[in-house]
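Presented below is the structure to which this report refers.
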Amino acid sequence: MRRIVKDFGFAMTSAKLFVPIIAALCLAACNSAQPVAVAQAPAVATRSATPAGFDLPAGSGCANAIGRYRAIMDNDLAMGHVNQGVYATIQGEIDSAAAACSAGRDAQAVALVRASKARHGYPG
């Protein structure tokens, strides 16, 4: 009879250890059934390298500075280095520089291009 009582005590101790583990597993199973939000992949770039015939406009002056910056931005957008929202922001800044350039304010136009490049991390 003593042995039965002794074995029963071991069984109770074992049960006390397993109940919390079982409860934790049940709770974990309940929590994992919730839908998981999946981040959308960024837009895939249309090309992985600058095209072989890519040349930046040469020369000096505000029109050439604006042309070079536009070409770089178009290339960066096509390669996926810049997203559409940032590209649109930079195009607005380039348009402001182009307006200053066409109005004969060359120094202001070049300064606007340089400020935009600096703001967006492009070398001056």
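From a predicted model like this one, the values you see are computed outputs, not experimental measurements. Counting begins at 1 with the first residue of the sequence. Note that these values count all heavy atoms, side chains included, but never hydrogens, waters or copies made by symmetry.
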Mind checking what makes salt bridge (Lys or Arg N to Asp or Glu O under 4.0 Å) contact with Arg114, not counting sequence neighbours? none
For residues 60-124, which residue pairs qualify under disulfide bond (SG atoms under 2.5 Å apart), counting only residues two or more places apart or in two chains? Cys62-Cys101
Value for OH (Tyr69) from CE (Met73), rounded to nearest 0.5 Å, stands at 5.5 Å
Could you give the distance from NE2 (His120) to CG (Asp76), rounded to the nearest 0.5 Å? 12.0 Å
Hey, does Asp95 have a side-chain heavy atom less than 4.5 Å from the side chain of Arg70? yes
What's the spacing between Glu93 CD and Ile66 CD1 if we round to 0.5 Å? 12.5 Å
Can you tell me how far the NE2 atom of His81 sits from the CG atom of Asn75, to the nearest 0.5 Å? 7.0 Å
Please table the atom pairs, donor to acceptor, closer than 3.5 Å between any side-chain atom in residues 105-112 and protein atoms at least two apart or in another chain.
| unit_1 | atom_1 | unit_2 | atom_2 | d |
| --- | --- | --- | --- | --- |
| Arg105 | NE | Gln108 | OE1 | 2.5 |

